[in-house]
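Chain identifiers are assigned alphabetically (A, B, ...) following the order of the sequence lines, protein sequences preceding nucleic acid strands; residue numbering begins at 1 within each chain.
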Number of protein chains: 2
Amino acid sequence: MSVSEDNHSGLTRNQGLVLDALSRADAPLSAYTILDQLRDAGFRAPPQVYRALEKLVESGRVHRLESLNAFVACQHPGCDGHTTVAFTICEQCGRVAEVSDTALVERIREIADASGFRVSKSTVELRGLCAQCVPSA
Amino acid sequence: MSVSEDNHSGLTRNQGLVLDALSRADAPLSAYTILDQLRDAGFRAPPQVYRALEKLVESGRVHRLESLNAFVACQHPGCDGHTTVAFTICEQCGRVAEVSDTALVERIREIADASGFRVSKSTVELRGLCAQCVPSA
DNA sequence: CGCAATAATGTGATCTTATAACATGACACT
DNA sequence: AGTGTCATGTTATAAGATCACATTATTGCG
């Protein structure tokens, strides 16, 4: 059993398959790419993917990247603390890194407080070039 | 001539029409909503809207909200400094506010620097309830 | 166990969002 | 007129997401 197939406690078969597909990938996958990859496993229609994704995102095991309309598996070992607040997305190699930054969270909270805005969900996505892909590297 | 029709210097007819539609709205509009609103003005197909939006976003007169797949007119008077770095999006009334926060920009820059990531575009969208829509108000 | 309630799945159709591809028109300069 | 460039118009289609409804598992409880 490969590493990518671990940590499926509490997951249904479909959710496990979708999580595996995302875990295998080294870049975000769209729902339809996942669907294509799971045809052999019996997947036929988009709702099967979207339903699994919905649960996986709910439980913090998967993150949705709004600026890409794509999904990534959470990179935190046990996915216990869903402390991720930001993502860096490399436009060259496609890799995504999760960022947990207390000062950033704090600043966002201050911004919201200043205007009386109650944040229920924050999206922070940084597009650009990762260290490996920066030309001058 | 209404206020919403001003400031079209350098815009083509289609760009002006799309910007007007967005300026009239008090919430983000999808490309297809804009298309519907501009049928009477002769719009027939999506590319007409998307092409205008592309230019308007490029020039900073319009912002795209990634988490909504929708667009808003820039709320800054002359739209000179494109200093907006974040948006608050009320899930109750739909209103969007632009946030220009130096500390936030600075923190994002520090996060990027720490990992050698070169940011070309940052997306910060806060979903929740605006001051007017918070129950306890 | 037996059965109802709930959750997950399978499936087809539909809806929304976005772009490709190609043709036409308008103007600017020579 | 010739040609370059940019905006526009138009058809078709790609890509992303959801609805509606039927079926199958799972769970909980008498």
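- Salt-bridge check for B:Glu66 with B:Arg64: passed, with a basic side-chain N closer than 4.0 Å to an acidic carboxylate O.
- Listed here is the closest heavy atom pair of B:Gln37 and B:Ala21: OE1-CB, 3.9 Å.
- When the P atom of D:dG16 is taken as reference, atom OH of A:Tyr50 falls 7 Å away, rounded to whole Å.
- Atom CG of B:Leu29 and atom OG of B:Ser23 lie 10.0 Å apart (nearest 0.5 Å).
- Remark: the backbone N or O of A:Leu126 is not paired with any side-chain donor or acceptor of A:Thr88 at under 3.5 angstrom.
- Two residues are said to be in side-chain contact when any heavy atoms from C-beta on lie closer than 4.5 Å; B:Cys130 and B:Arg95 fail this criterion.
- With a cutoff of under 4.0 Å to any heavy atom of chain A, the contacted region of DNA chain C is bounded 5' to 3' by C:dA8 to C:dG12.
- Annotation: side chain of A:Ile108 is not in contact with side chain of A:Val85 (no heavy-atom distance under 4.5 Å).
- A:Asn69 has no side-chain polar atom (N or O) that falls below the 4.0 Å cut-off from OP1 or OP2 of D:dA15.
- A sub-4.0 Å separation between OP1 or OP2 of D:dA7 and a side-chain N or O of B:Lys55 is present.
- At a non-hydrogen distance threshold of 4.0 Å, nothing from residues 31-40 of chain A comes into contact with DNA chain C.
- Judged by distance alone, the side chain of B:Arg61 and the main-chain N or O of B:Leu11 form no donor-acceptor pair under 3.5 Å.
- A heavy-atom distance below 4.5 Å is not found between the side chains of B:Gln132 and B:Cys93.
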Produce the list of close N/O pairs, under 3.5 Å, pairing protein atoms with atoms of nucleotides 8-10 of chain D; give distances to one decimal.
{"unit_1": "D:dT8", "atom_1": "OP1", "unit_2": "B:Thr12", "atom_2": "OG1", "d": "2.6"}
{"unit_1": "D:dT8", "atom_1": "OP1", "unit_2": "B:Asn14", "atom_2": "N", "d": "3.2"}
{"unit_1": "D:dT8", "atom_1": "O5'", "unit_2": "B:Asn14", "atom_2": "ND2", "d": "3.4"}
{"unit_1": "D:dG9", "atom_1": "OP2", "unit_2": "B:Asn14", "atom_2": "ND2", "d": "3.0"}
{"unit_1": "D:dG9", "atom_1": "OP2", "unit_2": "B:Gln48", "atom_2": "NE2", "d": "2.5"}
{"unit_1": "D:dG9", "atom_1": "O5'", "unit_2": "B:Gln48", "atom_2": "NE2", "d": "3.3"}
{"unit_1": "D:dG9", "atom_1": "N7", "unit_2": "B:Arg51", "atom_2": "NH2", "d": "2.4"}
{"unit_1": "D:dG9", "atom_1": "O6", "unit_2": "B:Arg51", "atom_2": "NH1", "d": "3.0"}
{"unit_1": "D:dG9", "atom_1": "O6", "unit_2": "B:Arg51", "atom_2": "NH2", "d": "3.2"}

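- Classification of B:Glu106 and B:Arg109 as a salt-bridged pair holds, one side-chain N sitting under 4.0 Å from a carboxylate O.
- Electrostatic pairing of A:Lys55 and A:Glu58 does not count as a salt bridge here, judged by no charged N lying under 4.0 Å from a carboxylate O.
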